[in-house]
Amino acid sequence: MSVTSAQMARRAPGKLMREKFFARGPEVVGRELLGKLLVRREPDGWLVGRIVETEAYLGAADAASHAFRGETARNAVMFGPPGRVYVYFIYGMHFCVNVTCGPAGKAGAVLIRALEPLAGLERMAVSRDLAGDVKPKMLTGGPARLCEAFGITRERDNAKIYVSPRSDLQLRDDNFEVGRVSVTPRIGITKAAELELRYCVESSGCLSR
DNA sequence: GGAATGATAGTCT
DNA sequence: GACTATCATTCCG
């Protein structure tokens, strides 16, 4: 499949998601975020990707969570209101994007690990510095990959991702029905590694591994 | 198609 | 000063 034929969406598909959706536990939000759309406004259209893999991170009860040791300057947004973007920097070169959930004052977030790119693939390839016949998985199959494809950096931290139609980064719902979902241990962590808080759309070819 | 490896900086102790 | 996690590349069977 050629990436170069994929046009950007003229309009953002589906409807903007509401804060209420995110004001629940990370396990619920992580599961229900599968099949939803992450969109990014560009001057001449929209980048669109469907979420196919997430991980839930809890607060004080989860040793793998950034919020485990309490609130700091870095993780403060996890303790804030739901539906905000929490971006963190890892490996000295990559970003990962989370959406906060649970009520304000209680830490929780869902890490978006993989998307299936639907529109604007050519633009994503440019952002990823890839050329030629690129596989969709190389565009957005992985937390750092999708951040690069969507141009998500630390500047996005604490951005509202719900309710504001003017936001250039949104989560939207087009009532897509995901197929079978698998629940597995989370990836790339050493603490609380036994907890099964990773959610995947089984049929997707864009999973991070 | 899987395993091993190197690159790297921000955060907290 | 210790710790943390991803991706690209390379090597192997």
Side-chain angles (χ1 to χ4, degrees), chain A residues 1 3 26-27 30 33-34 38 40 47 49-80 84-101 107-117 120-159 169 182-209:
Chain A
M1 187 177 85
V3 161
E27 315 93 311
L33 224 35
L34 294 180
L38 180 68
R40 163 74 197 252
L47 304 179
R50 190 178 307 284
I51 298 171
V52 293
E53 180 180 344
T54 63
E55 283 178 2
Y57 285 87
L58 319 180
D62 180 2
S65 171
H66 287 176
F68 181 59
R69 293 175 205 281
E71 185 170 345
T72 65
R74 175 211 200 188
N75 65 22
V77 62
M78 281 185 75
F79 290 82
R84 305 302 179 97
V85 174
Y86 171 51
V87 178
Y88 62 86
F89 188 67
I90 54 163
Y91 287 107
M93 62 183 94
H94 297 304
F95 293 101
C96 292
V97 63
N98 301 254
V99 183
T100 63
C101 40
V110 171
L111 170 66
I112 301 177
R113 286 195 59 88
L115 309 170
E116 247 168 50
L121 277 67
E122 189 173 32
R123 192 70 55 94
M124 294 181 200
V126 171
S127 298
R128 295 268 295 115
D129 202 23
L130 298 173
D133 195 28
V134 182
K135 288 189 166 56
K137 179 171 181 169
M138 298 312 292
L139 253 23
T140 55
R145 288 173 181 161
L146 70 91
C147 278
E148 194 174 24
F150 276 69
I152 296 171
T153 66
R154 181 188 301 283
E155 298 160 26
R156 294 273 149 201
D157 208 28
N158 202 28
L169 189 66
S182 55
V183 182
T184 73
R186 293 173 291 185
I187 298 292
I189 57 172
T190 54
K191 287 169 294 200
E194 74 286 359
L195 296 178
E196 300 204 320
L197 293 172
R198 173 174 178 248
Y199 307 93
C200 304
V201 176
E202 283 187 12
S203 60
S204 177
C206 293
L207 302 180
S208 62
R209 56 168 91 165

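First the proteins, then the strands, lettered A, B, ... as listed; each starts at 1. The figures here come from the full heavy-atom set of this structure, side chains too, leaving out hydrogens, waters and symmetry mates.
- Of the possible donor and acceptor atoms, none in the side chain of A/Arg198 sits under 3.5 Å from a partner among the backbone N and O of A/Pro185.
- To the nearest angstrom, P of B/dT11 lies 15 Å from CE of A/Met78.
- Ring geometry for A/His66 against A/Tyr86 counts as perpendicular: the plane angle is over 60°, on a 0 to 90° scale with 30° as the lower cut.
- Nucleotide B/dC12 holds its P atom 11 Å from the CD atom of A/Glu71, rounded to whole Å.
- For the pair A/Gly188 and A/Glu148, both in contact range of DNA chain C, the more 5′-proximal nearest nucleotide belongs to A/Gly188.
- Checked for salt-bridge contact, A/Glu148 and A/Arg128 meet the test: a charged N lies under 4.0 Å from a carboxylate O.
- Salt bridge A/Asp62/A/Arg186: present, at least one basic N to carboxylate O contact under 4.0 Å.
- In this structure, A/His66 atom NE2 and B/dT11 atom P are separated by 11 Å, rounded to whole Å.
- Contact annotation for A/Thr72: backbone-only contact, meaning every heavy-atom pair under 4.0 Å involves sugar-phosphate atoms and none involves a base.
- At a threshold of 4.0 angstrom between heavy atoms, the contacts of A/Arg186 with the nucleic acid are absent.
- Nearest-nucleotide assignment on DNA chain B puts the 5′-proximal partner with A/Tyr91, out of A/Tyr91 and A/Arg154.
- For the pair A/Val77 and A/Arg84, the tightest heavy-atom approach, listed with the atom from each and the gap, is CG2-CB, 4.0 Å.
- Here the side chain of A/Arg74 is nearest to one of B/dG10, B/dT11, B/dA7, namely B/dT11.
- Pairing of B/dG1, defined by two Watson-Crick or G-U wobble distances under 3.5 Å, is identified with C/dC12.
- Counting 5' to 3', DNA chain C first comes under 4.0 angstrom of a heavy atom of chain A and last does so at the ends given by C/dT4 to C/dA8.
- Between A/Arg113 and A/Glu55 there is a salt bridge, since at least one side-chain N of the basic residue sits less than 4.0 Å from a carboxylate O of the acidic one.
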